[in-house]
Q: 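Structure provided below as structure tokens; questions to follow.
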Amino acid sequence: TDVGGNFASCTANITGIDDTPPEITGCPANISIMSDTSYCGAELNWTAPIATDNCPGLVLNSTHSPGDFFSIGITSVTYTATNDGGLTAQCSFDVEVQAAPDPLISGPDPVCTPGFATYSVTDPGSHSFLWTVSNGTIIGSDTSPQVDVEWTGTVQGTISVQVTSGSGCSVSNSYAVDKTQTPVTGIVNSSSSLIR
């Protein structure tokens, strides 16, 4: 502006550009766990990573959250941090859920025949059971945690059980049972002697 009141002006636009992406720290390492008694998978908790940025407005999203249920197998968990400038940072880790171990069958092997034997598995609660045998006979119920089997003959038998959770997932186990016929005892007459 001059003394006569004449003036001139100009305008410039200033655009702030965020060229610094956010950072994620504390990303968990890969995790491996065993399936719970549902036999379908397991719930898992972890400490979520922390996202930081040089500007406000940062958003952190993830494909899964602590406490989620993971099915048997390997699942990738990914965290994505996005700032107002649209810049992102990611971190990920794998969750491996291993299948539950086969149920442990308790019971005699080998067995003497003819004879009876009792077999059982641990009942983790709210589960159903189905027993089968080969070259033997189940006496009574075949759907409880414990089963009675009558073994006869000398041909090798098999005891098997399938345990199913309330969620509908199953584990099973079986093993061979060796059978030995019980020897006959008594008195044998031989000429003038008695052999016992």
Side-chain angles (χ1 to χ4, degrees), residues 18 20-109 118-134 138 141-147 149 156-178:
D18 184 0
T20 303
E23 293 183 355
I24 298 178
T25 57
C27 196
N30 293 340
I31 301 172
S32 181
I33 58 172
M34 188 72 68
S35 172
D36 60 23
T37 55
S38 74
Y39 304 147
C40 299
E43 289 183 2
L44 179 63
N45 284 288
W46 64 88
T47 300
I50 297 173
T52 57
D53 192 54
N54 62 337
C55 294
L58 183 64
V59 176
L60 181 63
N61 294 310
S62 64
T63 56
H64 299 80
S65 300
D68 281 356
F69 186 88
F70 290 83
S71 299
I72 292 173
I74 298 177
T75 303
S76 182
V77 177
T78 301
Y79 281 85
T80 303
T82 306
N83 65 15
D84 276 348
L87 301 176
T88 62
Q90 282 190 336
C91 84
S92 63
F93 61 95
D94 289 336
V95 173
E96 179 183 12
V97 180
Q98 301 174 10
D102 295 336
L104 179 62
I105 301 175
S106 299
D109 173 44
T118 299
Y119 298 87
S120 63
V121 293
T122 300
D123 183 1
S126 300
H127 287 57
S128 60
F129 305 85
L130 180 60
W131 293 87
T132 55
V133 297
S134 65
I138 294 176
S141 174
D142 61 357
T143 59
S144 65
Q146 181 174 295
V147 67
V149 178
Q156 189 180 65
T158 303
I159 180 79
S160 304
V161 66
Q162 177 176 302
V163 184
T164 303
S165 71
S167 301
C169 297
S170 302
V171 292
S172 60
N173 198 7
S174 65
Y175 66 81
V177 177
D178 293 320

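All values derive from a computational prediction rather than experimental measurement.
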Q: For the CD atom of Gln146 and the OG atom of Ser120, what is their distance to the nearest 0.5 Å?
A: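 Those atoms lie 5.5 Å apart.
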
Q: Using a 3.5 Å distance criterion without hydrogens, assess whether the side chain of His127 forms a donor-acceptor pair with backbone atoms of Thr37.
A: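 Such a contact is found between His127 side chain and Thr37 backbone.
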
Q: Taking all non-hydrogen atoms of both residues into account, name the closest pair between Val97 and Gly41 and its distance.
A: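 Reported closest heavy-atom pair: CG1-CA, 3.9 Å.
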
Q: Can you see which heavy atom on Cys27 is nearest to which on Phe93, and at what distance?
A: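 Minimum heavy-atom contact is SG-CD2, 4.2 Å.
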
Q: Mind checking whether Pro124 and Tyr39 have side chains closer than 4.5 Å, heavy atoms only?
A: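 Heavy-atom side-chain distance check passes, below 4.5 Å.
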
Q: Is the closest side-chain heavy-atom distance between Ser126 and Ser165 below 4.5 Å?
A: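 A side-chain contact under 4.5 Å is absent here.
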
Q: Side chains of Asn54 and Asp18, heavy atoms from C-beta outward: is any pair under 4.5 Å?
A: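 They are in side-chain contact.
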
Q: To the nearest 0.5 Å, tell me how far Leu104 CG sits from Thr122 OG1.
A: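 Rounded to the nearest 0.5 Å, the CG-OG1 separation comes out at 7.0 Å.
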
Q: Under 4.5 Å between any side-chain heavy atoms of Val171 and Asn173, yes or no?
A: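 In short, these two side chains do not touch, never coming nearer than 4.5 Å.
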
Q: Would you give the length of the straight line joining atom OG of Ser92 to atom CD1 of Ile24, rounded to the nearest 0.5 angstrom?
A: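 Answer for the OG-CD1 pair, Ser92 versus Ile24, is 9.5 Å.
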
Q: Using atom types as modelled and distance alone, determine if a side-chain donor or acceptor of Ser134 lies under 3.5 Å from a backbone N or O of Thr158.
A: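 Yes; judged by distance alone, with no hydrogens or angles, the pair exists.
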
Q: Could you give the distance from OG1 (Thr88) to CG (Leu60), rounded to the nearest 0.5 Å?
A: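 The distance works out to 11.5 Å.
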
Q: Side-chain polar contacts of residues 64-81 - donor-acceptor pairs under 3.5 angstrom, sequence neighbours left out - could you list them?
A:
from: Asp68; atom 1: OD2; to: Ser65; atom 2: N; distance (Å): 2.8
from: Tyr79; atom 1: OH; to: Trp46; atom 2: NE1; distance (Å): 3.0
from: Thr80; atom 1: OG1; to: Gln90; atom 2: NE2; distance (Å): 3.0

Q: Taking the side chain as everything from C-beta on, heavy atoms only, tell me whether Pro103 gets closer than 4.5 Å to Val161.
A: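 Yes - at least one pair of side-chain heavy atoms lies under 4.5 Å apart.
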
Q: Say you draw a straight line from CD of Gln162 to OG of Ser128; how long is it, rounded to the nearest 0.5 Å?
A: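 Result: 7.5 Å between the selected atoms.
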
Q: Are Asn83 and Pro22 packed together at the side-chain level, in the sense that at least one heavy-atom pair is separated by less than 4.5 angstrom?
A: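 They are in contact (side-chain heavy atoms under 4.5 Å apart), so the answer is yes.
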
Q: Check Ala42 against Ile33 and note the closest heavy-atom contact, atom names and distance.
A: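 In terms of heavy atoms, the two residues are closest at CB-CD1, 3.7 Å.
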
Q: Between Cys40 and Ser35, what is the shortest heavy-atom contact and its length?
A: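 It is N-OG, 3.7 Å.
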
Q: Is it the case that the side chain of Tyr119 and the backbone of Pro145 share a donor-acceptor pair, with hydrogens and angles ignored and the cut-off at 3.5 Å?
A: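 No; zero donor-acceptor contacts below 3.5 Å.
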
Q: Using atom types as modelled and distance alone, determine if a side-chain donor or acceptor of Asp94 lies under 3.5 Å from a backbone N or O of Asn30.
A: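 No.
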
Q: What distance do Ser174 atom OG and Ile159 atom CD1 have between them, rounded to the nearest 0.5 Å?
A: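 If we round to the nearest 0.5 Å, Ser174:OG and Ile159:CD1 are 9.5 Å apart.
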
Q: Taking all heavy atoms of Ser141 and all of Ile138, pick out the closest pair and write down the distance.
A: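 Where Ser141 meets Ile138 most closely, the heavy atoms are O-CG2, 3.8 Å.
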
Q: For Asp123 versus Phe129, what's the shortest heavy-atom pair and its separation?
A: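 Answer, listing the atom of Asp123 first, then Phe129: OD1-CZ, 3.5 Å.
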
Q: Does any N or O in the side chain of Trp131 come within less than 3.5 Å of the main-chain N or O of Ser144, such that one atom is a donor and the other an acceptor?
A: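 Checked: pair present.
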
